2 protein chains.
Amino acid sequence: MDLDVRRLRVLHEVALRGSVTAAAAALHVTPSAVSQQLVQLSREAGHELVERAGRGIVLTPAGQVLASHAREVLGAVEQAVAGLAALRDGVSGTVRVGAFASAAGALVARRPPAPGRSTQSWTYG
Amino acid sequence: MDLDVRRLRVLHEVALRGSVTAAAAALHVTPSAVSQQLVQLSREAGHELVERAGRGIVLTPAGQVLASHAREVLGAVEQAVAGLAALRDGVSGTVRVGAFASAAGALVARRPPAPGRSTQSWTYG
DNA sequence: CATTTTTACGACCTTCGTAACGATG
DNA sequence: CATCGTTACGAAGGTCGTAAAAATG
């Protein structure tokens, strides 16, 4: 039981758009896939996350709580991806820090890695 | 490409323990599985994350950066799980907020949900 | 009856362990 | 040569789409 990112994204999208169909369209999958992921996620979470309301669905309180946490997780993942992209573009990194020290410093508004330390993580982007 | 939580946990464990074998033991899987997950993760990340150093391995700078972000993601997931557990134990939730208002207030050291709002997330545990 | 969600089912993909191999001190 | 990491490969499990069914206004 690991609360997979993919499933959390599904829940987030359902919460955001208010329907399985709309979430499926946004995620470029079928409503069937979204529905199945929700079943699996609620099994993992130990709570019913959505319930039918008329022709659509609404999130249960547990679903709203988990959706809120899902946004945190997705944000952290997004930051990780941004960190890798920054690394790829040479904003950070061992070798290029010296070459781009001043430019990087202005860009990130943070101190560059201390000399002698081969790597250091700081705010990028 | 979604930077799966399971794979980030593998990287974190490798970073923490300094070897594939030790990480595999901690995760109750074989070194083969850890090695394959690292290959897949580095493919997704677009960076080499580890490199052989003598008989063991060391993280590359990119690996260290991603491992740092992995800790953020894992922390967020952990909070989500804690949130669900708290919900299951009745610390939060729509119906029980009124009944346990003062106890919950003391327990969480935060204001309880405003009356009239059916749900609200705040610090628990 | 149109729309939305869910379920049954099969094809495809992923992941793991075993076993063999390669690398290193 | 003992130990650590990687690769080949097959079995087991997971995920998705199609199609059919169920629910609702």
Side-chain angles (χ1 to χ4, degrees), chain A residues 1-64 66-67 70 73-74 77, chain B residues 1-64 66-67 70 73-74 77:
Chain A
M1 197 264 283
D2 224 353
L3 292 185
D4 185 44
V5 171
R6 165 134 32 76
R7 278 193 263 269
L8 291 179
R9 194 182 304 276
V10 166
L11 179 64
H12 167 68
E13 214 60 49
V14 168
L16 187 67
R17 303 179 188 276
S19 90
V20 171
T21 303
L27 294 167
H28 306 103
V29 295
T30 62
S32 171
V34 170
S35 180
Q36 293 177 68
Q37 293 287 356
L38 285 178
V39 168
Q40 188 65 28
L41 183 57
S42 66
R43 190 163 296 165
E44 291 173 357
H47 292 276
E48 294 295 321
L49 301 175
V50 299
E51 55 185 15
R52 298 198 65 143
R55 206 180 336 206
I57 59 169
V58 293
L59 270 67
T60 64
Q64 293 179 19
L66 186 54
V73 173
L74 294 173
V77 169
Chain B
M1 196 264 285
D2 223 352
L3 290 185
D4 185 43
V5 171
R6 164 127 38 72
R7 278 193 261 270
L8 291 179
R9 194 183 303 278
V10 166
L11 179 63
H12 167 67
E13 213 62 48
V14 167
L16 187 67
R17 303 180 188 276
S19 89
V20 169
T21 303
L27 295 168
H28 306 103
V29 295
T30 62
S32 170
V34 169
S35 180
Q36 292 177 67
Q37 294 286 358
L38 286 177
V39 168
Q40 189 64 29
L41 183 58
S42 66
R43 191 163 294 165
E44 290 173 358
H47 291 277
E48 295 294 321
L49 301 175
V50 299
E51 54 185 14
R52 300 198 65 146
R55 205 177 339 202
I57 58 168
V58 293
L59 271 68
T60 63
Q64 293 178 19
L66 185 54
V73 174
L74 294 174
V77 170

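Hydrogens, waters and symmetry mates play no part in the numbers below; they use all other heavy atoms, side chains included. A, B, ... follow the sequence lines: proteins, then strands. Residue 1 opens every chain. The structure displayed is predicted, hence computed values, not measured ones.
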So which atom in [X] and which in [Y] form the shortest heavy-atom distance, rounded to 0.1 Å?
X     : Y     : answer
A:L59 : A:A67 : CD2-CB, 4.0 Å
B:L66 : B:A45 : CD2-CB, 4.1 Å
B:L74 : B:L8  : CD1-O, 4.3 Å
A:V58 : A:A53 : CG1-CB, 3.7 Å
A:A62 : A:E48 : CB-O, 3.9 Å
B:L41 : B:R7  : CD2-O, 3.7 Å

When the distance from [atom1] of [X] to [atom2] of [N] is rounded to whole Å, what number comes out?
X     : N      : atom1 : atom2 : value
B:E51 : D:dC4  : CD    : C1'   : 16 Å
B:R17 : D:dC4  : CZ    : C1'   : 17 Å
B:L38 : D:dC4  : CG    : C1'   : 14 Å
B:L41 : D:dG5  : CG    : P     : 17 Å
B:D2  : D:dG14 : CG    : P     : 19 Å
A:E44 : D:dG13 : CD    : C1'   : 14 Å

Between B:R9 and A:D2, does a side chain to side chain contact (heavy atoms under 4.5 Å, CB included) hold up when you go through it step by step? CA-CA 10 Å; B:R9 194 183 303 278; A:D2 224 353; 2.8 Å; yes
Report, as a single string ordered 5' to 3', how protein heavy atoms within less than 4.0 Å touch nucleotides 16-23 of chain D: B base, S sugar-phosphate only, - not at all. BBB-----
Do B:L38 and B:L11 touch side chain to side chain, with heavy atoms closer than 4.5 Å?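 Touching, per the 4.5 Å side-chain cut-off.
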Would you mind telling me which residue lines up with the more 5' stretch of DNA chain D, B:G18 or A:D4, judged by nearest nucleotide?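 This one resolves to B:G18.
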Short side-chain N/O contact from B:T21 to OP1 or OP2 of D:dG5, under 4.0 Å: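 Yes, such a contact exists.
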What are the bounds, 5' to 3', of the part of DNA chain C that sits under 4.0 Å from heavy atoms of chain A?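 With heavy atoms of chain A under 4.0 Å away, the range is C:dA2 to C:dA8.
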Going through the checks in order, is the side chain to side chain contact (heavy atoms under 4.5 Å, CB included) test met by B:L3 and A:V5? CA-CA 8 Å; B:L3 290 185; A:V5 171; over 6 Å; no
Assign each of B:A53 and A:V50 to its nearest nucleotide of DNA chain C by heavy atoms, then name whichever residue's nucleotide is nearer the 5' end.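 By nearest-heavy-atom nucleotide position, the 5'-most residue is A:V50.
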